[in-house]
Amino acid sequence: MQDEYRTVAHEGVHETEINRSRFLCALAPAATEREAQEFVARVRKEHPTASHNCFAYVIGADAAVQKASDDGEPGGTAGVPMLQMLMRRDMRYVAAVVTRYYGGVKLGAGGLIRAYGGSVGEALDALGTVTRRRFRLATVTVDHQRAGKVQNDLRAAGREVRDVRYGEAVAIEIGLPDADVEAFRGWLADATAGSAVLELGGEAYGDA
């Protein structure tokens, strides 16, 4: 697994005008290829009269799925430069659609490549990106008497408390970078006089 990746902070649209052609770049986070395809279809439906709706998406923290479409523009002048911009920015789990309304001036192959790739770059700058880091899910099981203080101490130390379950004991789910596990184990033993239990689970990604 990758240690971290970047994605878009939220869905949005950024517009630029180049030689009287309007370029609207719509970006959205997409957890799966199906989500990316549904986003592309939705944008196309919103712009049925556009000259072109070109797209690119990257799915997977390791960029396992990469797709691009020129949607009628000369081969390699739209979807590929869009995809290259996403990859250059280390973007993952993201879909981009650039909608072009032709303004009457031909841009040529080089102009199209710059326009489509540039539209994606400008949209990423305008909408903002977030970094997600890999961490290990961990569950701290502690008695009710100590649970409140442990939760407060975790939050004070900047640990994200993801879930709290109350039963005979209290189970507090957190995320830990692998490098922090041993130090955290020691901290927990000190904080609870050795009474808490730490169980490590699977891996996931969260905000850095």
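Heavy atoms only: backbone and side chains are in, while hydrogens, waters and symmetry mates are out.
- Comment: Arg133 engages Glu4 in a salt bridge, judged by a side-chain N to carboxylate O separation of less than 4.0 angstrom.
- A salt bridge does not link Glu160 to Arg155: none of the charged nitrogens lies less than 4.0 Å from a carboxylate oxygen.
- The two residues Val43 and Ala26 make their nearest non-hydrogen contact at CG2-CB, 4.1 Å.
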Check the pair Tyr205 / Tyr5 against ring pair (Phe, Tyr, Trp, His ring centres under 6.0 Å), numbers first and verdict last. CA-CA 9 Å; Tyr205 287 93; Tyr5 67 86; 5.0 Å; yes
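- One distance of note links CG of Leu27 with CG of Leu86; it measures 7.5 Å at 0.5 Å rounding.
- Val164 and Val150 fall within the same hydrophobic cluster, defined by Ile, Leu, Val, Met, Phe, Trp and Tyr side-chain heavy atoms under 4.5 Å apart, directly or through other members.
- At a cut-off of 3.5 Å, with distance as the only test, a side-chain donor of Glu73 or Tyr116 sits close to an acceptor on the other residue.
- Rounded to the nearest 0.5 Å, atoms NZ (Lys106) and OG (Ser21) are 11.5 Å apart.
- Checking side-chain atoms of Gln66 against main-chain N and O of Ala63 turns up a donor-acceptor pair under 3.5 Å.
- Taking the charged nitrogens against the carboxylate oxygens, Asp71 and Arg44 do have a contact shorter than 4.0 Å, which makes a salt bridge.
- Ion pair Asp90/Arg6 not flagged as a salt bridge, since none of the NZ, NE, NH1 or NH2 atoms sits closer than 4.0 Å to an Asp/Glu carboxylate oxygen.
- Here Arg146 does not pair with Asp153 in a salt bridge; the nearest charged N to carboxylate O distance is not below 4.0 Å.
- Taking CZ from Phe23 and CG from Leu107, the interatomic distance works out to 5.0 Å, rounded to the nearest 0.5 Å.
- The pair Glu38-Arg34 meets the salt-bridge criterion, since a charged nitrogen lies less than 4.0 angstrom from a carboxylate oxygen.
- Between the CG atom in Leu198 and the CZ atom in Arg185 there is a gap of 5.0 Å [rounded to 0.5 Å].
- Considering all non-hydrogen atoms of both residues, Arg20 and Val105 come closest at NH2-CG2, 3.7 Å.
- Separating the CE atom in Met82 from the CE atom in Met87 is a distance of 14.5 Å, to the nearest 0.5 Å.
- Ion pairing between Asp180 and Arg159 holds under the 4.0 Å rule for side-chain N and carboxylate O.
- Of all the heavy atoms in Ala31 and Ile59, the pair that sits closest is O-CG2, 3.9 Å.
- Taking all atoms of both residues into account, the shortest heavy-atom contact from Val142 to Ala147 is CG1-CA, 3.8 Å.
- Across Ala126 and His14, no two heavy atoms sit closer than the pair CB-ND1, 3.6 Å.
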Applying side chain to side chain donor-acceptor pair (under 3.5 Å) to Tyr102 and His52, what does each step give before you reach the verdict? CA-CA 8 Å; Tyr102 182 57; His52 308 276; over 6 Å; no
Start with the C-alpha gap between Thr129 and Arg89, add the side-chain angles, then the distance that decides, and say whether side chain to side chain contact (heavy atoms under 4.5 Å, CB included) holds. CA-CA 10 Å; Thr129 62; Arg89 297 287 193 93; 5.8 Å; no
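- Between Arg134 and Asp178 a salt bridge is recorded (basic side-chain N to carboxylate O distance below 4.0 Å).
- Arg92 and Gly60 make their closest contact through CD-O, 3.2 Å (heavy atoms, listed as atom of the first residue, atom of the second, distance).
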